[in-house]
Each structure stands twice: as structure tokens, then as C-alpha cells.
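All values below come from the heavy atoms of this structure, side chains included, with hydrogens, waters and symmetry mates left out. In the text below, chain A, chain B and the rest are named by the order of the sequence lines, each starting its count at 1.
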Amino acid sequence: MESFRASVLRVVRSVPQGRVVTYGQVALLAGRPGAARAVGAVLRGLRAADGDVPWQRVVNASGGLSTYKVGHGELQAALLRAEGTPLTDGRVPLYERQWWPDDELSAGGGHGGQPT
DNA sequence: AGTTTGACTTGTT
DNA sequence: TAACAAGCCAAAC
């Protein structure tokens with residue numbers, strides 16, 4: 001069984017550019033529902049050895065950037081904007097930017113289709 | 001090996 | 001609508 005850390009990194013790496021996911025969502029996809037906080041711990045401990053992990057695509061349930069707490073908020077915001085994910089009032093509109101497996105391409109679809 | 005901390009979430013006041 | 005508190009899981013000390 002792969003470590004939770006590895007699972008989280010894998011999930012985050014699967015998020016396509018221009019889309020975002022929430023911590024709780026990553027935890028869920030990693031097989032540990034409710035471990036949203038732990039996901040943050042993993043991303044916080046990211047190292048160069050972990051390779052290219054698009055951690056900037058991970059936002060909180062409100063679409064806001066929790067990275068401001070560690071002083072990386074501005075960096076994440078810049079990275080997102082550079083990837084085509086504009087921030088509205090300091091946060092990302094999840095209803096049209098949140099990504100889910102199988103939803104690989106509907107970026108501007110605008111109908112929202114989260115699995116219940 | 002146990003305790004503490006925290007890039008979260010959700011519900012109540 | 002905004003602020004406060006409790007719950008939960010993993011990693012770091």
C-alpha cells in the first residue's frame with residue numbers, strides 16, 4: 001500500500017492545468033476522506049525530490065489560497081494566473097474551475113458536475 | 001513512542 | 001453575513 005503522501009502527490013499531479021481541486025477533495029481521492037488537513041501537511045513538506053507537483057492547483061473549500069499562511073499566497077496566485085486560472089477577489093471560482101476525475105476537459109462548459 | 005502543530009472542513013452562535 | 005469552536009488525519013518535534 002502506497003503511503004498517503006505518495007497518493008496525495010499522485011492525485012495533485014493528475015490535476016490538469018487551468019483547473020483546481022480542494023484539500024478535502026484531494027484527501028477523498030487519496031482514499032482518506034476528512035484528511036484535508038493532512039493533505040496540507042504533505043504539500044507543506046514538498047521537496048525538490050518530489051518532482052514537479054502542481055501544488056498551486058490545490059485550494060481550500062472556499063476557493064481561497066490557504067498558502068497565505070506560510071507566505072506563499074502571492075506565489076500561488078501568480079502561478080495560477082500564469083496557468084490560465086484567474087482569481088476573482090482573491091479566490092478561484094470553484095463552480096467553474098474545480099476539477100474532478102473524468103471531467104478532464106470541460107473547462108468552460110459551465111454546468112458543474114460533481115459526483116455526489 | 002507520545003505529544004504538538006497545522007497549506008482544512010463543517011456546523012453553530 | 002461574519003466570527004468561533006470542535007473534529008479529523010498525518011507529519012514534524
Engineer: Taking heavy atoms of chain A and a 4.0 Å limit, find me the 5'-most and 3'-most nucleotide of DNA chain B within that range.
Structural biologist: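 From 5' to 3', the first and last contacting nucleotides are B/dG6 to B/dT10.
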Engineer: Any side-chain heavy-atom pair from A/V12 and A/V21 closer than 4.5 angstrom?
Structural biologist: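 No, too far: nothing below the 4.5 Å cut-off.
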Engineer: Looking at DNA chain B, which of residues 63-76 of chain A put a heavy atom within less than 4.0 Å of it?
Structural biologist: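 By residue number: A/S66, A/T67, A/K69, A/V70.
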Engineer: Using salt bridge (Lys or Arg N to Asp or Glu O under 4.0 Å) as the criterion, list what pairs up with A/E2, not counting sequence neighbours.
Structural biologist: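 Residues passing salt bridge (Lys or Arg N to Asp or Glu O under 4.0 Å) with A/E2: none at all.
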Engineer: Please examine the side chains of A/V11 and A/V39, heavy atoms only from C-beta on, and report whether any two atoms are closer than 4.5 Å.
Structural biologist: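 A side-chain contact under 4.5 Å is absent here.
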Engineer: Do the side chains of A/R57 and A/Q17 get nearer than 4.5 Å, heavy atoms only?
Structural biologist: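 Yes, side chains in contact.
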Engineer: Would you say that A/W100 contacts A/R19 through its side chain, given a criterion of any heavy-atom pair below 4.5 Å between the two side chains?
Structural biologist: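 No, side chains not in contact.
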Engineer: Any side-chain heavy atom of A/V59 within less than 4.5 Å of one from A/R97?
Structural biologist: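 A side-chain contact is absent here, since even the closest heavy-atom pair is not under 4.5 Å.
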Engineer: With 3.5 Å as the limit, what N/O pairs link the protein to nucleotides 3-8 of chain C?
Structural biologist:
{"from": "C/dG7", "atom 1": "O6", "to": "A/R37", "atom 2": "NH1", "distance (Å)": "2.8"}

Engineer: By the 4.0 Å heavy-atom rule, please label A/T22 as base, sugar-phosphate, or nothing.
Structural biologist: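 A/T22: backbone/sugar contact only, no base atoms under 4.0 Å.
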Engineer: Output a table of nitrogen or oxygen pairs between the protein and nucleotides 11-13 of chain C separated by less than 3.5 Å.
Structural biologist:
none

Engineer: Is A/R13 close to A/P54 at the side-chain level, that is, under 4.5 Å between some pair of heavy atoms?
Structural biologist: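 A/P54 reaches A/R13 side chain to side chain.
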Engineer: If Ile, Leu, Val, Met, Phe, Trp and Tyr residues are connected whenever their side-chain heavy atoms lie under 4.5 Å apart, and connections chain through other members, are A/Y23 and A/L28 in the same group?
Structural biologist: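 Different clusters.
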Engineer: I want to check something: taking the side chain as every heavy atom from C-beta on, are A/V42 and A/V26 in contact at a cut-off of under 4.5 Å?
Structural biologist: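 Side chain of A/V42 against side chain of A/V26, heavy atoms only: no contact under 4.5 Å found.
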Engineer: Quick one: do A/L29 and A/L43 end up in the same hydrophobic cluster if we chain Ile, Leu, Val, Met, Phe, Trp and Tyr together by side-chain heavy atoms under 4.5 Å apart?
Structural biologist: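 Per the 4.5 Å side-chain linkage, A/L29 and A/L43 are co-clustered.
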Engineer: Does some side-chain heavy atom of A/R5 sit less than 4.5 Å from a side-chain heavy atom of A/V8?
Structural biologist: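 No, their side chains stay 4.5 Å or more apart.
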Engineer: Sequence neighbours excluded, which residues qualify as side-chain hydrogen bond (donor to acceptor under 3.5 Å, both in side chains) partners of A/T85?
Structural biologist: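 Testing A/T85 for side-chain hydrogen bond (donor to acceptor under 3.5 Å, both in side chains), a comparison that skips the adjacent residues, returns none.
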